[in-house]
Amino acid sequence: MNEHRRRTALVGVGALTAGLLLTAPQPAEAANLVKNPGFESAGPDDMPYCWEKSGWGDNDFGFETTSDAHSGAKAMKVTLTRRVDGDRKALITESTDCAPVVSAGRQYDLGLWYKTTTPDAGITLFRHDATAGWQYWTDLKTLDMASAWTRATVRTPEVPAGTDRITWGVSVYGTGSATTDDYTMEQVPDTLPPAQCTGTNDQCANGSWSVLPTRNPVRSMHSVVLDNGKVLLIAGSGNSEENFDAGTFTSAVYDPANGTYKVIPTPKDMFCAGHVQLQDGRVLVMSGNKAYPVPGGHGYEGFKDSYVFDPKTETYSKTNDLNDGHWYPSATELGNGDVISFGGLREDSTGSVTNELWSDEDQRWLPLWKVNQTWSYWGLYPSMVLMQDGRLFYTGSHVFGNNIPGTGSAIYDYNANTVTRIPGLRDKDERDQSASVLLPPAQDQKVLTIGGGNIDSNPDAGRLTDLIDLKQASPSYIAGPPVPQGTVDLGNGKVAETGDQGKMYVSAVLLPDGKVLETGGALHNRADPVYESSVYDPDTNTFDPVAADPESRGYHSSAFLLPDGRVMATGDNPGNGTWNHNVSIYTPPYLYKGTRPTITSVINQEWKYGDTQRITVDRPVAEAELIRPAAVTHSSDPNQRFVDLPLSVDGDNVDLNVTNNPNIAPPGWYMLFAVDAGGVPSVARWVHLTGPAALGASAASPHVHSFADGLKGGTWGPGEKRSSQKVSTTISGCDRHYGSVNVCVPTAFPPQVRKTAAGRCAWLQRNHYGRLKVNGGDDPLGLDRDRDGVACGRGDVR
């Protein structure tokens with residue numbers, strides 16, 4: 001096996017492994033797909049037949065066939081006596097003679113007997129892809145420490161398409177030893193007949209949308225699903241200068257159980273702030289709007305204030321200030337519960353180059369001297385996804401205009417304080433308000449970017465998607481399938497999209513069946529809504545068009561998963577300053593496929609890394625996962641993730657094996673779904689995965705893999721200290737010389753619009769802009785030819 005190796009600092013500490021283990025043994029000879037399961041037959045190179053040495057990293061190790069066996073005369077002992085990084089493992093030999101044959105779409109129950117002197121051991125799988133060869137698949141289970149022979153069982157996920165064989169074994173990634181014996185592997189029999197459609201044929205194929213009778217009372221552009229199942233909708237001034245001048249700042253809490261809204265007093269203009277859920281379930285809100293632009297003067301300004309929203313009391317409380325203003329900042333939770341933030345606009349309208357770090361331990365923003373700085377400008381709402389080793393992947397999705405210089409994508413290593421360019425992102429300057437999502441499951445470390453445009457040049461938004469596998473030694477984006485086309489309203493009714501037309505303002509939502517819903521969007525800067533939704537399948541790398549949201553969902557729209565498995569969509573703020581208060585609900589096809597499984601009990605709501613946690617279900621399920629609740633705005637939710645929970649099944653009792661790596665599942669509240677073989681999910685139950693600070697001194701280390709260890713792009717460290725990055729006062733793509741501040745006359749009109757006063761005024765009329773006062777003496781777009789102070793009047797278009 002030729003695994004790529006990497007020495008990496010472990011970010012976050014790891015796993016308390018005191019969970020339940022199923023103890024009902026299965027005899028090794030019963031339909032067992034493992035050859036030489038007890039190491040009794042000798043083979044070459046001092047290893048038993050059909051077993052090989054494997055592992056990586058800087059460590060001292062030993063492999064020994066020992067007589068301390070569970071049965072028979074032999075067992076395998078793997079020992080680490082010194083470790084800096086990496087692991088060692090005895091694996092079933094990667095050969096056609098030894099590696100068990102598997103079928104795509106099927107699951108397999110694995111079992112073994114073991115003894116360990118280290119908490120740092122777990123079951124690891126590799127798979128053979130018919131095209132790409134042998135590759136790491138996933139970690140399944142952390143083994144509890146055990147001085148006596150102990151049985152461990154676990155079920156694989158469904159075998160991915162293209163896989164014909166697998167191999168597996170126990171990885172030891174801490175000092176100590178693991179002795180194993182009597183391996184078993186059996187195919188899981190079919191548990192359910194084919195699902196019966198309970199709706200119309202169209203509903204069962206495409207799902208359905210409905211518009212709720214009660215409208216959203218606030219102009220919210222921030223949506224956060226809380227750990228009680230309610231939804232926090234933050235508006236601030238709602239992109240309304242009138243509200244701002246009046247000090248009218250609002251939020252609302254929506255309760256899906258009864259369809260009601262509660263308007264919440266909001267202390268500051270959180271319009272276009274950043275937000276993230278802390279591990280205790282509260283919502284950290286950072287910065288917001290200090291001032292709206294002044295024509296010929298400053299642009300938007302961001303303040304330094306920060307607040308925490310408590311779902312229990314439904315109130316905001318102030319924290320200490322950030323070091324800088326950040327209008328449109330990113331917010332990513334790290335594996336230790338800290339939050340890191342980049343980008344946005346400062347109090348003087350320039351771009352912030354200051355990294356901010358919220359300390360979970362101190363419950364405050366750290367002073368500047370305690371935070372690593374590269375003095376890089378990451379733009380607005382840069383999508384920063386936490387990788388399994390603690391580094392951050394900037395996907396290239398952002399807001400407003402061009403991307404960062406270079407390739408438009410990068411990996412940031414906070415500990416080393418270095419940035420490395422990642423290649424392959426196509427049309428990197430047309431990814432304005434694209435969506436990026438860490439695909440299910442998070443353990444696979446694959447990211448998809450979808451669509452995007454550019455409000456500065458205002459071309460037709462695109463259909464491009466790009467896919468990256470961060471498990472590769474030197475990962476690079478590759479082309480994904482194009483987004484399906486829908487209809488677009490160009491001001492004269494809906495027409496079919498043509499050519500390369502796609503959409504920006506994309507929402508991407510992780511679904512409990514392991515797929516991704518992409519929905520909403522528009523063709524141009526705050527105009528020309530696109531009506532199209534589709535479901536992306538990571539297993540097949542394909543989009544399947546489904547029913548489209550009947551409401552326009554462009555700028556300031558959001559879509560997000562509810563605990564009952566439906567998707568809620570809100571908002572739309574076109575350039576004429578209006579707001580769509582209608583709320584849509586999508587019922588996916590899986591909710592038309594018969595009775596849903598039910599999680600009848602969760603033995604323990606408090607979970608820790610490396611745990612085995614037991615639930616009971618009312619009928620067989622094929623998979624279970626944790627989905628982090630949404631905290632989304634402007635197509636951006638870098639914390640959204642779907643974490644696979646490998647199963648150990650004993651009738652209606654199901655033991656769920658929790659990752660021991662906090663970077664795979666940062667601490668906090670999660671929605672727990674159980675899903676049957678037909679892809680039908682349960683209603684979610686809430687569980688609390690606590691952070692490293694809550695773990696004992698005997699906790700295991702996270703099993704960090706050698707992914708992205710051979711980066712070939714240019715790397716740079718901290719640049720010269722500076723205060724800010726100069727940005728245009730028209731960064732929002734709006735020419736403030738016309739109309740009120742919440743009206744967006746585009747600085748660049750769509751390419752189809754003639755570059756004359758008549759052509760531009762006709763476009764503004766079709767998009768319902770109404771009467772536009774000219775602010776000041778300048779008329780850069782030539783819309784007030786008769787100089788009467790009103791744009792697009794009769795004298796201007798003769």
Side-chain angles (χ1 to χ4, degrees), residues 10 12-23 25 28 37-40 46-48 51-92 110-125 139-154 168-184 608-613 646 648 655 657-662 692 695-705:
L10 298 181
V13 293
L16 182 65
T17 57
L20 298 169
L21 281 173
L22 296 179
T23 57
F39 306 100
E40 302 297 326
D46 299 321
M47 286 293 286
W51 291 89
E52 65 182 12
K53 300 175 184 178
S54 182
W56 66 280
D58 183 1
N59 48 67
D60 294 335
F61 58 90
F63 290 82
E64 176 187 0
T65 304
T66 175
S67 60
D68 179 16
H70 171 256
S71 69
K74 297 178 181 178
M76 173 57 60
K77 185 176 183 180
V78 179
T79 304
L80 264 62
T81 56
R82 180 192 65 86
R83 178 184 181 274
V84 175
D85 60 11
D87 63 37
R88 298 293 156 178
K89 45 196 173 276
L91 287 182
I92 299 169
L110 311 181
L112 58 89
W113 289 86
Y114 76 94
K115 295 194 295 185
T116 59
T117 64
T118 174
D120 302 326
I123 298 174
T124 301
L125 271 71
D139 285 354
L140 287 184
K141 184 184 188 71
T142 303
L143 300 181
D144 290 334
M145 290 183 65
S147 58
W149 284 107
T150 303
R151 176 75 170 167
T153 62
V154 68
W168 55 285
V170 172
S171 297
V172 180
Y173 47 91
T175 55
S177 66
T179 306
T180 59
D181 200 1
D182 294 337
Y183 284 62
T184 61
K608 293 186 170 59
Y609 296 101
D611 270 358
T612 301
Q613 289 286 350
S648 301
D655 283 357
N657 296 280
V658 185
T659 178
N660 73 356
N661 186 346
L695 303 182
S698 62
S701 301
H703 192 195
V704 175
H705 291 273

Trainee: Salt bridge between D181 and K74, side-chain N to carboxylate O under 4.0 Å?
Mentor: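 No.
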
Trainee: Side chains of N660 and Y173: donor-acceptor distance under 3.5 Å anywhere?
Mentor: yes

Trainee: Do W56 and D87 have side chains that approach each other closer than 4.5 Å (heavy atoms only, starting at C-beta)?
Mentor: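 Yes, at least one pair of side-chain atoms sits under 4.5 Å.
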
Trainee: So, S648 side chain and T153 main chain: donor-acceptor pair closer than 3.5 Å or not?
Mentor: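 Checking the backbone N and O of T153 against the side chain of S648, a donor-acceptor pair under 3.5 Å is found.
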
Trainee: Would you confirm whether R88, through its side chain, and D60, through its main-chain N or O, come within 3.5 Å as a donor-acceptor pair?
Mentor: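 Between the backbone of D60 and the side chain of R88 there is no qualifying donor-acceptor contact (under 3.5 Å).
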
Trainee: Just say parallel, tilted or perpendicular for the rings of H703 and H705, cut-offs at 30° and 60°.
Mentor: tilted

Trainee: Can you check whether D46 reaches F63 side chain to side chain, under 4.5 Å on heavy atoms?
Mentor: no

Trainee: Less than 4.5 Å apart, any side-chain heavy atom of Y114 and any of V170?
Mentor: no

Trainee: Can you tell whether the side chains of D68 and K115 come within less than 4.0 Å, N to carboxylate O?
Mentor: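 Looking at D68 and K115, the cut-off is met.
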
Trainee: Taking the side chain as C-beta and beyond, is there a heavy-atom pair between Y609 and N661 under 4.5 Å?
Mentor: no

Trainee: Given the side-chain rings of Y183 and W51, with only the six-membered ring counted for Trp, is the space between their centroids under 6.0 Å?
Mentor: yes

Trainee: Can you check whether S177's main-chain N or O pairs, donor with acceptor, with T117's side chain at less than 3.5 Å?
Mentor: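 Side chain of T117 to backbone of S177: a pair is present.
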
Trainee: With rounding to the nearest 0.5 Å, note down the distance linking CG in D120 to CG in L80.
Mentor: 9.5 Å

Trainee: Between OG1 of T180 and CE of M76, what distance do you get to the nearest 0.5 Å?
Mentor: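 One finds 7.0 Å between OG1 of T180 and CE of M76.
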
